[in-house]
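Structure, as structure tokens:
Naming convention: chains lettered A, B, ... in sequence-line order (proteins, then strands); numbering from 1 in each chain. Keep in mind that the numbers below use all heavy atoms, side chains included, and drop hydrogens, waters and symmetry copies.
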Amino acid sequence: MYRILKNTNHDVTVLNYVDDSGLQVADILVGFLYLKFPLKPANSNIKFDIYCGNEIYVKVNELYEKDPSLIEKRKSLLNKLEEGDSEITSFASEITTKVLKDQLKTCWRMKARYDLLNFESHIISSKLWEKTFEKMRNENIIIKETEGENIGCWVFDSDDEGSKIIVRSDGTATYIAKDIPYALLKVGTIEDPFIYQVFMKQWDDTTLWISTIDNLKDTTQPFFFPAENSITVIDNRQTRLQKIIKEILNKFESKSNRYMHLAYGPVLLSSRTAKTLGINPENVKSVQMSGRKGIYVDADFVLDTLYGKAKEETMKRNPEITGKDLERTSEEIAISAMRYSLIKNDLEKEIKFDMIDSLSLDGNSGPYLQYAYARCCRLIEKSNAKSFSGDVSHLSDRIEFRLIKHLSKYAIVIEDATKNMEPKLIAQYAYELATLFNLFYEKLPILKESDADISDARISLVEAIRKMLEINISLVGITPLERM
RNA sequence: GGGUCCGUAGCGUAGCCAGGAUAUCGCGGUGGUCUUCGGAACCACAGAUCGAGGGAUCGAAGCCCUCCGGGCCCGCCA
């Protein structure tokens, strides 16, 4: 969506909310401090984020059942984190930063990019949460329960979602609580308290900023808030919580129309793929992933496998591509296969991930689009055409008319995709264009055409297709390749 | 139980919101195209009572109702 909005002249800022506090951080700390997990994984090929998330986190959670004293240790760590114990806090920050950097590597590999990282821990330490809590109390948006099972908690009573605890009876803020000031910040109801610093440069040469608690007042500060419209992109399992947040925004000011939840469906594992991971689902079509249970496939593994296949194919077809070019080409093919499979269907529909099906580079796939583009490029290159002034009136075949008609729908498709937030429309449009082109290529001679007028017209048509493919596949984050 | 989303060939999907004629595409299957403009391609065939039933309509996969089946949400977890 970032690419689509940006290219339709919207001023877009991409925020990434980093969940760097709470229980899961304490779990990892228990692993390092009490269970004496080494600071570096024994196998140096394992990324640090995977090490923490899939080894330490899993083991620690298993051990809680056998050794309840660990739970006490976690609680004491959590308290120290919330009180800001300097030794524990800085260790935690060291760990979460390392995890974050490794997670970003994978995101970047898939061509995601961000403008700003916001940290959950900063929502607390900047007093943003405190101010929001005070406001909500003052305006009676939340009330303190004096009886019943939620006694002592601050609760929001939603009109149609029931009541929701915002602050626990021990005074700590729940998960949803920290989303409220963040939402208020986005629409501009509260002032931005953060100071920003450059975190690093990204793959697309843009700057990634982070909020910081350090004092850097002399530096030039960028402005990130407020936004005219904010789009919160999150799993459709969070729909209920997002509705509650919207409702709370409305209690402050009627700005909730500027806050929208763009939901997407989760990636599930096909039962076939789940079986290969040792789970035996009975009569079930798909299985939810769970890091804690070890039921998952990780993105890097899939990309690495795709990369291997793409490399093999590329070497077979294009022996002259070698070295860095070969690596780059194979990587771009792998990424296009993955990205396209994630966006070609409805955003809200769950994605059934199957290890075997997803490794296919044929049919309705990202590489198919790249292939059509590469074919266009080679035709243009071989034609030695300097300009494209072929006369369309020389075109007369039905397939040529269909192509021209399809090309002309471009603006409508982009508008539709943008207004309705449906990136799949662009993917589908590009796929149909590629399909029509392949048919055209198969049925009609282009360079071989003996009539020069017709040939020129067809070359011009190919150039139009090439350009349109380039624009559209780029919009969905696929890199056009001249050779593959 | 309440809310919500979904059910289209063996599998995965488009079309549904803004109703029109023989329901899209891919994978898989079968059979073809090929002295190649690069076969990651193209063509053909087989494969679907669009979950079931009812309703309004000249007309329903689509809209309304009922039922059946399934997912997700309904934590002082995040």
Side-chain angles (χ1 to χ4, degrees), chain A residues 19 21-25 27 120 145 149-155 158 160-179 235-244 263 265-266 268 270-272 283-288 292 309-310 312-314 316-318 333 336-337 341 344-346 348-354 356-383 420 424-425 427-428 431-432 434-435 437-449 455 458-459 462 481 483-484:
Chain A
D19 215 346
S21 64
L23 276 184
Q24 83 273 19
V25 175
D27 286 335
E120 184 180 85
E145 295 283 350
E149 54 180 358
N150 294 336
I151 184 162
C153 299
W154 288 89
V155 171
S158 162
D160 36 40
E161 298 297 334
S163 62
K164 182 74 201 164
I165 293 171
I166 306 296
V167 176
R168 302 183 188 100
S169 55
D170 67 0
T172 54
T174 57
Y175 169 70
I176 187 177
K178 291 165 242 173
D179 258 4
D235 199 317
N236 61 16
R237 288 172 293 198
Q238 306 258 4
T239 300
R240 181 186 152 85
L241 292 180
Q242 288 293 317
K243 273 187 190 161
I244 293 174
L268 309 179
S270 72
S271 58
R272 179 166 69 177
N283 300 324
V284 178
K285 287 197 168 178
S286 51
V287 177
Q288 294 227 31
R292 204 178 304 189
K309 283 191 71 166
E312 201 179 303
E313 290 290 312
T314 307
K316 213 187 316 176
R317 294 150 205 270
N318 269 305
I333 293 169
S336 93
S341 74
K344 71 173 169 181
N345 295 138
D346 230 50
E348 279 237 52
K349 194 151 193 160
E350 62 196 22
I351 295 163
K352 284 177 196 119
F353 181 85
D354 184 84
I356 296 167
D357 291 347
S358 303
L359 292 179
S360 163
L361 306 177
D362 305 322
N364 188 353
S365 69
Y368 179 92
L369 300 180
Q370 287 173 311
Y371 179 67
Y373 178 81
R375 266 184 159 176
C376 289
C377 289
R378 291 288 284 152
L379 285 171
I380 300 298
E381 193 184 318
K382 284 193 175 178
S383 74
N420 299 318
K424 71 167 179 193
L425 295 177
Q428 286 168 352
Y431 174 67
E432 206 177 322
T435 304
F437 165 72
N438 275 328
L439 183 56
F440 164 65
Y441 179 89
E442 198 74 24
K443 298 293 178 201
L444 301 172
I446 300 161
L447 303 177
K448 280 182 176 175
E449 170 59 46
S455 180
R458 286 186 180 153
I459 290 164
V462 170
L481 298 172
R483 295 187 187 219
M484 58 186 283

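- Side chain of A:E442, nearest nucleotide from B:rA14, B:rC76, B:rU33: B:rU33.
- In this model, the phosphate group of B:rA14 is approached by a side-chain N or O of A:K349 to a distance below 4.0 Å at OP1 or OP2.
- Atom CG in A:N438 sits roughly 11 Å away from atom C1' in B:rG38 (whole-Å rounding).
- Among B:rA78, B:rC72, B:rG15, the nucleotide with an atom closest to any side-chain atom of A:R237 is B:rC72.
- Look at A:E381 and A:R483 and you find a salt bridge, because one of the NZ, NE, NH1 or NH2 atoms lies within 4.0 Å of a carboxylate O, short of that distance.
- Taking atom C1' on both B:rG7 and B:rG12, the two are 14 Å apart, rounded to the nearest angstrom.
- Atom C1' of B:rU13 sits at a distance of 7 Å from the matching atom of B:rC25, rounded to the whole Å.
- In this structure, A:R168 reaches the B:rA78 phosphate: one of its side-chain N or O atoms is under 4.0 Å from OP1 or OP2.
- A:Q428 has its CD atom 9 Å from the C1' atom of B:rG15, to the nearest Å.
- What you find for A:I176 and A:K164 is that their closest heavy atoms are CG2-CE, 4.1 Å.
- Nucleotides B:rG69 and B:rG26, compared at atom C1', are 26 Å apart to the nearest Å.
- Nucleotide B:rG1 is matched to B:rC74 when pairs are restricted to Watson-Crick or G-U wobble geometry with both distances under 3.5 angstrom.
- Base pairing of B:rG47 is not made with any nucleotide, judged by Watson-Crick or G-U wobble geometry with both donor-acceptor distances under 3.5 Å.
- For A:N150, the side-chain atoms get nearest to B:rC76 when compared with the rest of B:rA41, B:rC76, B:rG38.
- One atom, CG of A:D235, and another, P of B:rU4, lie 19 Å apart when rounded to the nearest Å.
- When the C1' atom is used for both B:rA18 and B:rG62, the distance is 11 Å, rounded to whole Å.
- Residue-level contact check: A:R240 touches the backbone only, with heavy atoms under 4.0 Å from sugar-phosphate atoms and none from bases.
- Distance noted for atom P between B:rA56 and B:rC43: 44 Å (whole Å).
- A distance of about 24 Å separates the C1' atoms of B:rC5 and B:rC77, rounded to the whole Å.
- Between A:Q242 atom CD and B:rA78 atom C1' there is a gap of 14 Å when expressed in whole angstrom units.
- For a distance-only test at 3.5 Å, the side chain of A:S169 qualifies as a donor-acceptor partner of the base of B:rC76.
- Side-chain contact between A:V462 and A:F440 is present, with at least one heavy-atom pair separated by less than 4.5 Å.
- Position along RNA chain B of the nearest nucleotide to A:Y431 versus A:L439 favours A:Y431 as the more 5'-ward residue.
- Here the shortest heavy-atom pairing between A:S286 and A:E350 reads OG-OE2, 4.3 Å.
- When the P atom of B:rU13 is taken as reference, atom CG of A:D346 falls 11 Å away, rounded to whole Å.
- Under 4.0 Å is where a charged nitrogen must lie from a carboxylate oxygen, and between A:R168 and A:D170 no such pair does.
- Within 4.0 Å (heavy atoms only), A:K344 reaches no atom of the nucleic acid at all.
- In the set B:rC72, B:rC74, B:rG38, B:rC72 carries the atom at the smallest distance from any side-chain atom of A:Q288.
- Under a 3.5 Å cut-off, the side chain of A:D346 and the backbone N or O of A:K349 do not form any donor-acceptor pair.
- Put simply, CD on A:E161 is 11 Å from P on B:rG75, counting in whole angstrom units.
- Contact annotation for A:P266: no contact, since no heavy-atom pair falls under 4.0 Å across all strands.
- With rounding to whole Å, A:K164 atom NZ is found 9 Å from B:rA78 atom P.
- Comparing B:rC25, B:rG38, B:rC77 against the side chain of A:L23 picks out B:rC77 as the nearest.
- For A:K352, counting side-chain heavy atoms from C-beta on, the closest listed nucleotide (B:rG12, B:rC25, B:rA14) is B:rG12.
- To the nearest whole angstrom, the two C1' atoms, one in B:rA61 and one in B:rA21, are 15 Å apart.
- Of the C1' atoms belonging to B:rC73 and B:rC27, the separation is 33 Å, rounded to the nearest Å.
- Side-chain atoms of A:Y368 lie closest to B:rC42 of the nucleotides B:rC74, B:rG38, B:rC42.
- Checked against B:rC27, B:rC43, B:rG38, the side chain of A:D357 finds its nearest nucleotide in B:rC27.
- Listed candidates were B:rG71, B:rG38, B:rC42. Nearest to the side chain of A:E350 is B:rG71.
- What you find for A:N150 and A:E145 is that their closest heavy atoms are O-CB, 3.2 Å.
- Atom P of nucleotide B:rG38 and atom OH of A:Y373 are separated by 16 Å, given to the nearest angstrom.
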